[in-house]
There are 2 protein chains.
Amino acid sequence: MKTRDRIVATALGLFNEQGYGAVTTAMLAAQCGIAEGNLWYHFKTRAVLLDAIGERFASSIEARLAMRPGSDPLGDYAALLEAVMAEFRAFRFIYRDQRAYGDDAEMVSNNAPRWLEMTFDQVEAYLAALVDIGLLDWPRERLRDLAINSTIILRYGLEHYRELGEPIAEGAGAVRRTLRRQLTLFEHRLEPAAANRLQAAIEEMGEESLAA
Amino acid sequence: MKTRDRIVATALGLFNEQGYGAVTTAMLAAQCGIAEGNLWYHFKTRAVLLDAIGERFASSIEARLAMRPGSDPLGDYAALLEAVMAEFRAFRFIYRDQRAYGDDAEMVSNNAPRWLEMTFDQVEAYLAALVDIGLLDWPRERLRDLAINSTIILRYGLEHYRELGEPIAEGAGAVRRTLRRQLTLFEHRLEPAAANRLQAAIEEMGEESLAA
DNA sequence: ATCATTTTAGGGTGATTACCCTAATTCCCC
DNA sequence: GGGGAATTAGGGTAATCACCCTAAAATGAT
């Protein structure tokens, strides 16, 4: 892996774990195992590094937003959940620490509201597909609210569990708990076998893809 | 108002608006209209100031947790919503900026998980009261999940609207939007007149109590 | 081997910030 | 008026941090 990419990945990890404002450039260089001067060779300022992270984030979101429900709405919904949670987790400091980095990631702040709305659209489309094949019993005019509430639960699940004093480090299962929590919104209106299958899908999601 | 209390209230406001880490003692003194030395006269360190805020927070929570549903479950639920949101809003930096203040408010971190669990209990009890008098059609074994999901929506509503790019300043209506969002979880299972009454209650909540 | 790029080591700067210190002044209460 | 508490003004310290600078060394590609 090229040093520049390693810096970006390491910064992302540290910003997520420690909070953007708490990570010093000295700390970042040490974690990368490089001299601090080398960090400055690759990135002129912190803001430039943040831009690089923002670009990865944007790519991740755009790819995820391009997902569409296909011939297996249930499996597809599980796949969407997996992608959404992986992204929310991988880039959590971007949402959480917006005050700390202020205007330094303009591309992100300019697009975040739009991306969020599109996420509601996407989740709604997937839920609608479940309704259409009769696996979910939910009034069509209430799907938007369900999509929004689902997204909120997914978006804030990790923080919720942190506030509950539960471990959210990698491997601790916080992402799985979040996915299950989200399911409680409507599992009682899912066809029973479908509910079981979604639950099984959550259990089977790869540790690696979720950093659960 | 005594200067000490004024400092605490002003700090709370600034920490909420700007983020804990972004507020300098110079800024705080200026906003209070006092010399910085006077700030240090009243509080030896930032941590001591944070403790004072934490004590107010604890008092607010304990008082709110003491609320119980009475003879008007619907009106009581509205009152609970009002109290919960007022508190979540008034002390939002305490939840949000936990990483920034770290161990400096131990009393809060030691109790926050417990308070949150008790909040779930409380919301559940209020919802159960609605079920008991037939205003809410919800299976008893699913009330806990509804209480938790409701609390999550209330807890993160302001942040959600900020991420959506919607105004959350005082008077912008973000708290009302959060209350309404929460209602979408179960309003379709409320007796219609009850749903209308809850909605009306949200519209009538005092601007002052909600800093909506 | 040569050349360009990357990395190191080590010293540095300027800005920022929490908090200190001191003496004088003002305020408040009896 | 007296005494104690609160407030001011102004100067200061030490620590921290993003980023700079420079020359030498190391690496990678041809």
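Order of the sequence lines fixes the chain letters, A, B, ..., with proteins taken first and strands second; residue numbering starts at 1 for each chain.
Pairs passing the salt bridge (charged side-chain N to carboxylate O under 4.0 Å, His left out) check and including a residue from residues 29-57 of chain B, sequence neighbours excluded, read B/D5-B/R56. Among pairs with a residue in residues 90-105 of chain B, none fulfils salt bridge (charged side-chain N to carboxylate O under 4.0 Å, His left out), at least two apart in sequence or across chains. Identified under the salt bridge (charged side-chain N to carboxylate O under 4.0 Å, His left out) test for residues 65-74 of chain A, with sequence neighbours left out: A/D72-A/R197. Counting only residues at least two apart or in different chains, salt bridge (charged side-chain N to carboxylate O under 4.0 Å, His left out) contacts with residues 114-128 of chain A comprise A/E117-A/R144, A/D121-A/R144, A/E124-A/R144.
Listed by chain and number, the residues in a ring-ring contact (aromatic ring centres under 6.0 Å, His included) with A/F120 are B/H160 (sequence neighbours excluded). Residues forming a side-chain contact (heavy atoms from CB on, under 4.5 Å) with B/R142 (at least two apart in sequence, or on another chain): A/T184, A/E187, A/H188, B/W138, B/P139, B/D145. Residues meeting the side-chain contact (heavy atoms from CB on, under 4.5 Å) test with B/A195, sequence neighbours left out: B/L190. Every residue two or more places apart in sequence or in another chain that forms a side-chain contact (heavy atoms from CB on, under 4.5 Å) with B/A128 is listed here: B/R140, B/L143.
Salt-bridge formation is detected for the pair A/E203/A/R180: a Lys NZ or Arg NE/NH1/NH2 atom is positioned less than 4.0 Å from an Asp or Glu carboxylate oxygen.
If you check residues 30-43 of chain A against DNA chain D, the residues with a heavy atom closer than 4.0 Å are A/E36, A/W40, listed by number. The stretch residues 98-107 of chain A does not touch DNA chain D, since none of its heavy atoms comes less than 4.0 Å from the strand.
Here the range on DNA chain C touched by chain A, meaning any atom under 4.0 Å from one of its heavy atoms, is C/dT5 to C/dT8.
Between B/F88 and the options B/Y95, B/F93, B/Y156, a ring-ring contact (aromatic ring centres under 6.0 Å, His included) holds for only B/Y95.
Comparing the end axes of the helix from C/dA1-D/dT30 to C/dC30-D/dG1, each fitted to five base pairs by superposing C1' atoms of four pairs onto the next four, gives an inter-axis angle of 30° (nearest 10 degrees).
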